[in-house]
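Worksheet: one structure, shown below.
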Amino acid sequence: MKFPEPLVEGRLIRRYKRFLADVRLPDGSEVTAHCPNTGSMLGCQPEDARVWLSHSDNPKRKLQYTWELVETSPGQLACVNTARPNSQARAAVQAGTVVELAGYSECRAEVKYGSEKSRIDLLLSGHDTAADAWVEVKNVTLAEDAQGFFPDAVTERGQKHLRELIAQVEQGDRAVLFFVVNHTGIQTVRPADHIDRKYGELLREACDAGVEVIAYRADLSESDGTPTGVLTLTESVPVILEV
């Protein structure tokens, strides 16, 4: 999958009120862009960082620009738009890239489920031999020394999702936690015990209960860090659960 239009480059001035970011464009003008990310964006908002925005001509939109990518360090890009990972995961599953989830004929999104009133990101069904797969998608952008960590802030919502996945396994279905690695510098993924110890503990409990954990990296840039405009998931990344 690709961005529908070429992205607009700029320089980050500041992110504020969680959903707003001021960006300086190459001509010196400044715009306020929508920041579609509810997390802390730890490591993804360096001062004066190069950023890339998508643009919309929709007159009903209050903000014409949306923050999509950031250069977190020289030559390394991250996708900060958390509306993207679900589509990235779905496209990869349907293309057959995700070997762990091959063979399903139907894929539905945002299906209500669970005792805690959740919505699953992807529900895969129609496999000849395997049970339905309930797939929860998470965006990984926090990088430390080539290691990716999730979450980047304490997440009670993420803990709830793990409990819901455990319940699906207990009912006889497959449950999968799918880390979409949207950072070109990440080589492995780990639970961020130093940020949310409870999440790490619960993730290991979920794995012991039969929840599957996988991670795939997106193709975001050329070797020199130039954005390709491509969001396609291309390769598996190891998930390391040992403390």
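Just so you know, residue 1 is the first one in the sequence shown, and it goes up from there.
No donor-acceptor contact under 3.5 angstrom links the side chains of Ser125 and Asp132, judged on distance only. Counted by atom type alone, Glu164 and Ser118 present one or more donor-acceptor pairs between their side chains at under 3.5 Å. Residues Thr184 and Gln76 bring no donor and acceptor atom of their side chains to less than 3.5 Å of each other. For the residue pair Thr72 / His183, a side-chain donor-acceptor distance below 3.5 Å is found, with atom types taken as modelled. For the residue pair Lys62 / His34, no side-chain donor-acceptor distance below 3.5 Å is found, with atom types taken as modelled.
In terms of heavy-atom proximity, Ala89 sits nearest to Val180 at CB-CG2, 4.2 Å. Considering all non-hydrogen atoms of both residues, Gln168 and Ala175 come closest at CB-CB, 4.4 Å. Here the closest heavy-atom approach between residue Lys112 and residue Arg119 is recorded as CE-NH2, 2.8 Å. A pairwise comparison of heavy atoms in Ala131 and Tyr104 identifies O-OH, 2.6 Å as the closest pair. When every heavy atom of Val99 is checked against every heavy atom of Tyr216, the shortest pair comes out as N-OH, 3.5 Å. Between Ala192 and Pro151, the shortest heavy-atom contact is CB-O, 3.1 Å.
Listed for the Arg50 side chain is no donor-acceptor partner under 3.5 Å among the backbone atoms of Val70. Ser56 places a side-chain N or O within donor-acceptor distance of the main-chain N or O of Asn58, the cut-off being under 3.5 Å.
Contact annotation: the side chain of Arg84 approaches that of Glu68 to within less than 4.5 Å [non-hydrogen atoms, C-beta and beyond]. Within the 4.5 Å cutoff, the side chain of Asn81 has no heavy atoms near those of the Trp67 side chain. In this structure, the side chains of Lys198 and Gln159 come closer than 4.5 Å at one or more pairs of heavy atoms. At least one side-chain heavy atom of Cys107 sits less than 4.5 Å from a side-chain heavy atom of Gln94. Looking at Gln88 and Phe178, their side chains never come closer than 4.5 Å, going by heavy atoms from C-beta outward. A heavy-atom distance below 4.5 Å is not found between the side chains of Gln171 and Asp173. Side-chain contact between Thr226 and Ser221 is absent, with no heavy-atom pair separated by less than 4.5 Å. At least one side-chain heavy atom of Arg108 sits under 4.5 Å from a side-chain heavy atom of Glu106.
Interatomic distance, CG of Leu142 versus CE of Met41, reported as 11.5 Å (0.5 Å rounding). Here the CD-CD distance, from Glu71 to Glu9, works out to 8.5 Å after rounding to the nearest 0.5 Å. Within the model, atoms CG of Asp128 and OG of Ser105 stand 8.0 Å from one another, a figure rounded to the nearest 0.5 Å. Note: Leu69 CG to Cys79 SG = 5.5 Å, rounded to the nearest 0.5 Å. Atom SG of Cys35 sits about 11.0 Å away from atom CG of Asp22, to the nearest 0.5 Å. Atom OG1 of residue Thr188 and atom CG of residue Asp145 lie 10.0 Å apart, to the nearest 0.5 angstrom.
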Checklist entry - What do the steps show when you test Val135 against Arg174 for side chain to side chain contact (heavy atoms under 4.5 Å, CB included), and what is the final call? => result CA-CA 8 Å; Val135 183; Arg174 295 179 67 189; over 6 Å; no

Next on the checklist: For Arg204 and Asp193: C-alpha separation, side-chain torsions, deciding distance, then whether salt bridge (charged side-chain N to carboxylate O under 4.0 Å, His left out) applies.
Outcome noted: CA-CA 11 Å; Arg204 294 178 181 93; Asp193 297 288; 2.8 Å; yes

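Under the 4.5 Å side-chain contact rule for hydrophobic residues, Met1 and Leu77 share a cluster. The hydrophobic clustering, which links ILVMFWY residues whose side-chain heavy atoms are closer than 4.5 Å, places Trp52 and Leu12 apart. Val80 and Val23 fall within the same hydrophobic cluster, defined by Ile, Leu, Val, Met, Phe, Trp and Tyr side-chain heavy atoms under 4.5 Å apart, directly or through other members. Under the 4.5 Å side-chain heavy-atom criterion for grouping Ile, Leu, Val, Met, Phe, Trp and Tyr, Val8 is connected to Val31 within one hydrophobic cluster. Hydrophobic clustering, with ILVMFWY side chains joined whenever heavy atoms are under 4.5 angstrom apart, groups Val51 together with Leu25.
Other residues sharing a hydrophobic cluster with Ile186 under the 4.5 Å side-chain heavy-atom criterion for ILVMFWY residues are Val111, Tyr113, Ile120, Leu123, Trp134, Val140, Phe150, Leu162, Leu165, Ile166, Val169, Leu177, Phe179, Val181, Val189, Tyr199, Leu202, Leu203, Val211, Val213, Val237, Val239, Leu241.
Ion pairing of Glu242 with Arg190 is absent here, as no side-chain N (NZ or NE/NH1/NH2) approaches a carboxylate O to less than 4.0 Å. Ion pairing between Glu156 and Lys160 fails under the 4.0 Å rule for side-chain N and carboxylate O.
Under the rule for a side-chain hydrogen bond (donor to acceptor under 3.5 Å, both in side chains), the partners of Arg61 that lie at least two apart in sequence or sit in another chain are Thr66. Checked against side-chain hydrogen bond (donor to acceptor under 3.5 Å, both in side chains), Asn86 has the following partners two or more places apart in sequence or in another chain: Asp121.
Around atom CD of Glu47, no more than 12 heavy atoms belonging to other residues, nucleotides or ligands sit under 6.0 Å away. A 6.0 Å sphere centred on CG of Asp27 holds more than 12 heavy atoms belonging to other residues, nucleotides or ligands. Counted within 6.0 Å of CD on Glu116, heavy atoms from surrounding residues, nucleotides or ligands total more than 12; the atom is thus considered enclosed.
Considering Thr82, Asn182, Asp152 in turn, Asn182 is the only one that fulfils the side chain to side chain donor-acceptor pair (under 3.5 Å) rule with Asn139.
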